[in-house]
Amino acid sequence: MRRRTAVLLAALWPAGALAQGAAPAPSCTPRVAATVTLDLVDPEPRILAPLPARQLRAQAGGTSDTAFPHHLGLTVSRVEWRSEVTARARGPADGPVCAVPADVRLRLRHAEHSIRLAREIPPGSCLAEEVLAHERRHAEVNRRTLREAATELRGIARAWAARAEARAPDVGIAATLLQDELAALVDPALERLRAAREAAHAVIDSPAEYRRLSRVCPEDQRRLRAALRA
């Protein structure tokens with residue numbers, strides 16, 4: 001029942017570098033409030049077909065030399081974010097230019113969010129319901145922290161867009177510089193998302209909770225132990 005959380009980062013502008021010896025860029029275009037939008041894509045987690053407990057343990061990176069070696073459930077979350085910056089620039093056609101953000105679009109989504117139970121748990125049983133309820137608590141942590149991250153990222157992007165500007169040989173490079181600057185502000189927020197998830201998952205996966213799950217539904221526990229031995 002350990003979690004695995006991966007946050008994948010993607011940018012829409014190609015990398016670029018300032019040309020050497022370029023003339024100084026003109027003053028920036030008069031600033032108009034940039035449009036900042038954030039799309040949050042967070043569907044309900046999918047319930048996937050059961051897998052053997054040993055496979056769940058391998059997927060979670062667990063080992064068999066712990067007090068609770070069997071993985072009866074696993075929730076997997078993978079988050080992606082994308083950003084697109086449209087710049088408004090001032091300068092001659094052949095550059096250099098000074099650019100400010102005109103439109104900033106962020107997309108934060110659960111690219112994968114799924115729950116699996118161990119195949120050895122009797123289907124539709126009391127124990128299956130208990131383990132599923134436990135995994136749903138993990139899924140709710142994933143969804144809650146994603147919503148919190150979306151709120152934080154929206155605020156970061158708005159504050160950045162209100163002051164950001166870039167001087168460069170052309171508008172494409174200026175937009176790349178703006179994109180890189182925004183990404184440098186987003187990365188710490190995503191680190192906080194990861195840390196908040198790990199802390200909340202650790203609270204759920206307490207020794208007391210594992211002991212409770214090992215004692216509920218006694219008849220199902222007997223059937224589970226027989227299936228695990230087999």
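Just so you know, these numbers come straight off a predicted model, no measurement behind them. Residues take their numbers from the sequence shown, with the count starting at 1.
Under a 3.5 Å cut-off, the side chain of E219 and the backbone N or O of C126 do not form any donor-acceptor pair. Between the E120 side chain and the A53 main chain, a donor and an acceptor come within less than 3.5 Å of each other. Using a distance-only test at 3.5 Å, with no hydrogens or angles considered, a donor-acceptor pair links the side chain of T151 to the main chain of R147. Between the side chain of R223 and the backbone N or O of I121 there is no donor-acceptor pair closer than 3.5 Å. A donor-acceptor pair under 3.5 Å links the side-chain atoms of Q221 to the main chain of V216, judged by distance alone.
Counting only residues at least two apart or on different chains, no disulfide bond (SG atoms under 2.5 Å apart) pair has a member in residues 130-199. Each ring pair (Phe, Tyr, Trp, His ring centres under 6.0 Å) pair with one or both residues in residues 169-193, not counting sequence neighbours, would appear here, but there are none.
Taking hydrophobic clusters as Ile, Leu, Val, Met, Phe, Trp and Tyr residues chained together by side-chain heavy-atom distances below 4.5 Å, V104 shares a cluster with L40. Note: the hydrophobic cluster containing V36 also contains W81 (ILVMFWY, side chain heavy atoms under 4.5 Å, direct or indirect links). In the hydrophobic clustering of ILVMFWY residues, with side-chain heavy atoms under 4.5 Å counting as a link, V85 and I156 come out together. Two different hydrophobic clusters hold V41 and L153 under the rule that ILVMFWY side chains link at heavy-atom gaps under 4.5 Å. Both I47 and L127 are part of a single hydrophobic cluster, where members link through side-chain heavy atoms under 4.5 Å apart.
There is a side-chain donor-acceptor pair under 3.5 Å between N142 and H201. Counting only N and O atoms by type, the side chains of S83 and Q179 include a donor and acceptor under 3.5 Å apart.
Here E44 pairs with R143 in a salt bridge; the nearest charged N to carboxylate O distance falls below 4.0 Å. A salt bridge links E165 with R167: the closest approach of a Lys/Arg side-chain nitrogen to an acidic carboxylate oxygen falls below 4.0 angstrom. A salt bridge is absent between D220 and R222: the closest approach of a Lys/Arg side-chain nitrogen to an acidic carboxylate oxygen does not fall below 4.0 angstrom.
Closest of all the heavy-atom pairs between A159 and R163 is O-CG, 3.5 Å. Of all the heavy atoms in L178 and A87, the pair that sits closest is CD1-CB, 4.1 Å. Closest approach of E181 to A164, counting heavy atoms only: OE2-CB, 3.8 Å. The minimum heavy-atom distance between P96 and P92, with the atom names listed, is O-CD, 3.3 Å. Residues A139 and I115 approach most closely at CB-CD1, 4.2 Å, considering heavy atoms. Here the closest non-hydrogen pair linking P122 and A128 is O-CB, 3.7 Å.
The local environment of CZ in R154 is crowded, with over 12 non-hydrogen atoms from other residues, nucleotides or ligands closer than 6.0 Å. Around atom CZ of R137, more than 12 heavy atoms belonging to other residues, nucleotides or ligands sit under 6.0 Å away.
Not counting sequence neighbours, the partners of R46 by the side chain to side chain contact (heavy atoms under 4.5 Å, CB included) test are L48.
Note that CG of L117 is 9.0 Å distant from CD of E129, once rounded to the nearest 0.5 Å. Atom CZ of R54 sits about 10.5 Å away from atom CG of L228, to the nearest 0.5 Å. Between the OG1 atom of T145 and the CD atom of E152 there is a distance of 11.5 Å, given to the nearest 0.5 Å. Put simply, CZ on R158 and OG1 on T35 are 10.5 Å apart, with the number rounded to the nearest 0.5 Å.
R78 is listed as a side-chain neighbour of E80, based on a closest heavy-atom distance under 4.5 Å. A 4.5 Å side-chain heavy-atom check between H110 and L146 finds at least one atom pair inside the cut-off. Between R197 and S77, the closest side-chain pair of non-hydrogen atoms falls below 4.5 Å. A heavy-atom distance below 4.5 Å is found between the side chains of L108 and V79. E112 has its side chain within reach of S114: a pair of non-hydrogen atoms, C-beta onward, lies under 4.5 Å apart. By the 4.5 Å heavy-atom criterion applied to side chains, L182 and L106 are counted as neighbours. Using a 4.5 Å cut-off on side-chain heavy atoms (C-beta onward), D42 and R109 make no contact. By the 4.5 Å heavy-atom criterion applied to side chains, L72 and L224 are counted as neighbours.
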*I would like to know whether E130 and R215 meet salt bridge (charged side-chain N to carboxylate O under 4.0 Å, His left out); could you show each step before the answer?*
CA-CA 11 Å; E130 289 283 351; R215 296 167 181 165; over 6 Å; no
*Go through R90 and V97 one step at a time and tell me if the side-chain contact (heavy atoms from CB on, under 4.5 Å) criterion holds.*
CA-CA 5 Å; R90 166 182 282 184; V97 301; over 6 Å; no
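Of the residues E140, H113, E135, the one that meets the side-chain hydrogen bond (donor to acceptor under 3.5 Å, both in side chains) test with T75 is E135.
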